[in-house]
S.K.: 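Sharing a structure below in structure tokens format, with a few things to ask.
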Amino acid sequence: LSSMLDYGDIELAGIIFHELTHQLLYVPGDSSFNEAFATTVEEEGVRRWLLVQGRRADLERYEAANARDLEYIALFRDYRQRLEQLYSSGLPRSEMLARKRATFASLADQMRAIERRTGKPSPYADWVEEGLNNAHLASVATYYDCVPGFRKILREDGGDLKRFYADVRALAREPASERDAAVCVSLSARSPRESG
């Protein structure tokens with residue numbers, strides 16, 4: 001708990017909404033589905049909580065931060081696809097590794113460019129400092145690749161959370177392939193095959 005006290009109340013509220021969502025629904029063996037559902041509820045919960053409290057300025061800052069984060073997420077998705085193509089190219093290992101290093105260097109440059117343009121530090125700056133890798137990109141995919149699909153369901157349900165939860169529960173009973181088809185980007189784009 002002491003580490004949580006370092007967060008502001010918005011971040012803490014987000015963590016609570018996210019973790020409570022896992023208590024509401026959890027599909028064994030499907031991290032992408034579970035985390036994206038919890039992320040969707042977290043973001044919607046924080047928005048509604050700030051509105052109820054009349055904290056419109058905080059809501060604007062929260063939504064601006066989310067919009068910036070979406071830029072990084074789109075960038076990560078693009079670079080995962082580039083890496084997937086590289087890993088399936090059949091190039092000799094030494095050339096593939098050199099191109100992999102160049103690809104991650106290019107990604108880091110793109111991330112720094114977003115920081116310069118927005119004047120805001122990247123939430124992923126530590127990754128750039130330690131050296132970007134496939135695990136970083138896969139972890140973002142786990143949390144975000146299915147979020148647009150869940151947002152679409154919530155919109156179709158008119159923002160009614162009870163209907164949304166019922167629809168997601170029904171979807172959770174479907175086979176993984178049908179869940180992915182309903183809410184997730186293509187599986188090949190989610191996780192580059194080469195580790196590390």
S.K.: Rounded to the nearest 0.5 Å, what's the gap from CG on L154 to CG on D167? Could you check?
M.R.: 10.0 Å
S.K.: A side-chain contact here means heavy atoms from C-beta on lying under 4.5 Å apart; do L107 and L137 qualify?
M.R.: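 Yes. Closest side-chain heavy atoms under 4.5 Å.
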S.K.: Output yes when R82 and D78 qualify as a salt bridge under the 4.0 Å nitrogen-oxygen rule, no when they do not.
M.R.: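 Yes.
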S.K.: How long is the straight-line distance from NZ of K100 back to CG of L91, given to the nearest 0.5 Å?
M.R.: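 Output value for this atom pair is 13.5 Å.
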S.K.: Would you check if E11 and V46 make a side-chain contact, meaning some heavy-atom pair closer than 4.5 Å?
M.R.: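 No, side chains not in contact.
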S.K.: Atom CD in E35, atom OG in S139: separation rounded to 0.5 Å?
M.R.: 10.5 Å
S.K.: Do the two ring centres, one from F76 and one from Y144, sit under 6.0 Å apart?
M.R.: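 That pair fails the under 6.0 Å test.
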S.K.: Between K120 and D69, does a salt bridge (Lys or Arg N to Asp or Glu O under 4.0 Å) hold up when you go through it step by step?
M.R.: CA-CA 11 Å; K120 300 287 184 181; D69 204 26; over 6 Å; no
S.K.: Should the pair E60-R56 be classified as a salt bridge under the 4.0 Å nitrogen-to-oxygen rule?
M.R.: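 Between R56 and E60 there is no salt bridge, as every charged N stays at least 4.0 Å from the carboxylate O atoms.
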S.K.: Indicate yes or no: at least one non-hydrogen side-chain atom of I153 is less than 4.5 angstrom from one of L171.
M.R.: yes
S.K.: Quick check on the hydrophobic clustering: are W49 and L12 connected, directly or via other members, by side-chain heavy-atom contacts under 4.5 Å?
M.R.: no
S.K.: NZ/K152 to SG/C146 distance, rounded to the nearest 0.5 angstrom?
M.R.: 14.0 Å
S.K.: A side-chain contact here means heavy atoms from C-beta on lying under 4.5 Å apart; do R112 and D109 qualify?
M.R.: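 They are in contact (side-chain heavy atoms under 4.5 Å apart), so the answer is yes.
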S.K.: Assigning hydrophobic clusters by single linkage (Ile, Leu, Val, Met, Phe, Trp, Tyr; side-chain heavy-atom cutoff under 4.5 Å), is L51 placed with L161?
M.R.: no
S.K.: Could you measure the distance from the CG atom of L75 to the CZ atom of R80? Nearest 0.5 Å is fine.
M.R.: 11.0 Å
S.K.: Are F164 and E156 side-chain neighbours, meaning at least one heavy-atom pair lies under 4.5 Å?
M.R.: no
S.K.: Would D58 and R55 count as a salt bridge (Lys or Arg N to Asp or Glu O under 4.0 Å) if you check the C-alpha gap in whole Å, the side-chain angles of each, and the deciding distance to 0.1 Å?
M.R.: CA-CA 5 Å; D58 285 336; R55 294 169 60 179; 2.8 Å; yes
S.K.: Using atom types as modelled and distance alone, determine if a side-chain donor or acceptor of N133 lies under 3.5 Å from a backbone N or O of A135.
M.R.: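 Between the backbone of A135 and the side chain of N133 there is a qualifying donor-acceptor contact (under 3.5 Å).
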S.K.: Check the orientation of H22 and H18. Use parallel for under 30°, tilted for 30 to 60°, and perpendicular for over 60°.
M.R.: perpendicular
S.K.: Verify whether the ring centers belonging to Y26 and F37 lie closer than 6.0 Å.
M.R.: no
S.K.: Give the C-alpha distance, both sets of side-chain angles, the deciding distance and a yes or no for side chain to side chain contact (heavy atoms under 4.5 Å, CB included) between Y79 and S106.
M.R.: CA-CA 9 Å; Y79 274 81; S106 175; 2.6 Å; yes
S.K.: Give the minimum heavy-atom separation between R179 and A172, together with the two atoms involved.
M.R.: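 In terms of heavy atoms, the two residues are closest at NH1-O, 3.4 Å.
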S.K.: Is it true that, when you exclude Y143 itself, more than 12 heavy atoms of the residues, nucleotides or ligands shown sit nearer than 6.0 Å to its OH?
M.R.: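 Result for OH/Y143: open.
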S.K.: Determine, stepwise, if the pair Y87 / N134 fulfils side chain to side chain donor-acceptor pair (under 3.5 Å).
M.R.: CA-CA 11 Å; Y87 299 152; N134 291 324; 2.9 Å; yes
S.K.: Quick check for you: to the nearest 0.5 Å, what is the distance between I10 atom CD1 and I15 atom CD1?
M.R.: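 Interatomic distance, I10 CD1 to I15 CD1, rounded to 0.5 Å: 12.5 Å.
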S.K.: Is it true that Y72 and F104 fall in one hydrophobic cluster, defined by side-chain heavy atoms closer than 4.5 Å?
M.R.: yes
S.K.: Sub-3.5 Å donor-acceptor pair from the side chain of T39 to the main-chain atoms of A36, do we have one?
M.R.: no
S.K.: Evaluate E44 against R151 for salt bridge (Lys or Arg N to Asp or Glu O under 4.0 Å), listing each step before the verdict.
M.R.: CA-CA 9 Å; E44 185 66 17; R151 287 181 182 151; over 6 Å; no
S.K.: Under the side chain to side chain contact (heavy atoms under 4.5 Å, CB included) criterion, do L24 and Y165 qualify, and how do the steps go?
M.R.: CA-CA 9 Å; L24 179 70; Y165 296 151; 3.7 Å; yes
S.K.: Quick one, F150 with F33, criterion ring pair (Phe, Tyr, Trp, His ring centres under 6.0 Å). Give me CA distance, side-chain angles, the key distance, then yes/no.
M.R.: CA-CA 9 Å; F150 283 111; F33 185 92; 5.1 Å; yes
S.K.: Exactly one of E95, R99, R93 should register a side-chain contact (heavy atoms from CB on, under 4.5 Å) with L97. Which one does?
M.R.: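 Of all the options given, the one that passes is R93.
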S.K.: Tell me, yes or no, whether the heavy-atom count around R117 atom CZ, taken from other residues, nucleotides or ligands under 6.0 Å, exceeds 12.
M.R.: yes
S.K.: Are Y124 and I73 close enough that some pair of their side-chain heavy atoms sits under 4.5 Å apart?
M.R.: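 The answer is yes; the side chains approach within 4.5 Å.
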S.K.: Side chains of H136 and E130, heavy atoms from C-beta outward: is any pair under 4.5 Å?
M.R.: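 H136 reaches E130 side chain to side chain.
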S.K.: Could you tell me if the side chain of F17 sits less than 4.5 Å from the side chain of T40, heavy atoms only?
M.R.: no
S.K.: Could you report the tightest heavy-atom contact between E115 and A125, atom names first, then the distance?
M.R.: OE2-CB, 4.1 Å
S.K.: Just by modelled atom types, is the E84 backbone N or O under 3.5 Å from a matching donor or acceptor in the S88 side chain?
M.R.: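 Side chain of S88 to backbone of E84, a donor-acceptor pair under 3.5 Å: yes, one is there.
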S.K.: Looking only at heavy atoms, which two atoms of L86 and M96 are closest? And how far apart?
M.R.: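 Looks like O-CE, 3.5 Å.
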S.K.: Given 3.5 Å as the limit, does a donor-acceptor pair link the side chain of N34 with the main chain of V27, or not?
M.R.: yes
